[in-house]
Amino acid sequence: MRLDVLELKLRVRELEEKVDQLRLSRRVLMCLLERMEKERAAHLVRLERENRKLHRANYRYARSLWRKNMRIMELESKLREILSPQTPPR
């Protein structure tokens, strides 16, 4: 009888230690999860910032191409005006 009580107390102590280890493991996992979430959020912020930067650069590039195209069309038009009186009438 006395031995059964001691064995049960020992078993209770072992189980309490396992519970403590599980609590510690849970805290470690929660800390890791929080860190990963913060890193993910920071990465998302960096990606959004880079996306805005690329959109602005793309907009500037498109405007530049549009202006160059307009200039080419103006020069072609002037060239046609210059060359048209020189062509013989039909």
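Keep in mind that this is a model prediction, so the values were computed, not measured. Side chains included, hydrogens not; waters and symmetry mates left out as well; all remaining heavy atoms used.
With sequence neighbours left out, the side-chain hydrogen bond (donor to acceptor under 3.5 Å, both in side chains) criterion links Arg67 to no other residue. Partners of Glu81 under the salt bridge (charged side-chain N to carboxylate O under 4.0 Å, His left out) rule, at least two apart in sequence or in another chain, do not exist in this structure. Partners of His43 under the side chain to side chain contact (heavy atoms under 4.5 Å, CB included) rule, at least two apart in sequence or in another chain, are Arg46, Leu47. Scored by the side chain to side chain contact (heavy atoms under 4.5 Å, CB included) test, Leu44 finds Arg40, Glu48 as partners (sequence neighbours excluded).
Here Glu74 pairs with Arg71 in a salt bridge; the nearest charged N to carboxylate O distance falls below 4.0 Å.
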Review item, side-chain donor-acceptor pairs of residues 56-65, under 3.5 Å, at least two apart:
none

Would you mind writing out the side-chain donor-acceptor pairs for residues 17-35 within the sub-3.5 Å range, not counting sequence neighbours?
{"residue": "Ser25", "atom": "OG", "partner": "Gln21", "partner atom": "O", "Å": "3.0"}

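Taken from CG in Leu8 to CG in Leu15, the straight-line distance is 10.5 Å, to the nearest 0.5 Å.
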Show your working on salt bridge (Lys or Arg N to Asp or Glu O under 4.0 Å) between Glu14 and Arg11 and close with a plain yes or no. CA-CA 5 Å; Glu14 289 172 356; Arg11 182 70 177 140; 3.6 Å; yes

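Judged purely by atom type and a 3.5 angstrom limit, Ser77 has no side-chain atom pairing as donor or acceptor with the backbone of Met73.
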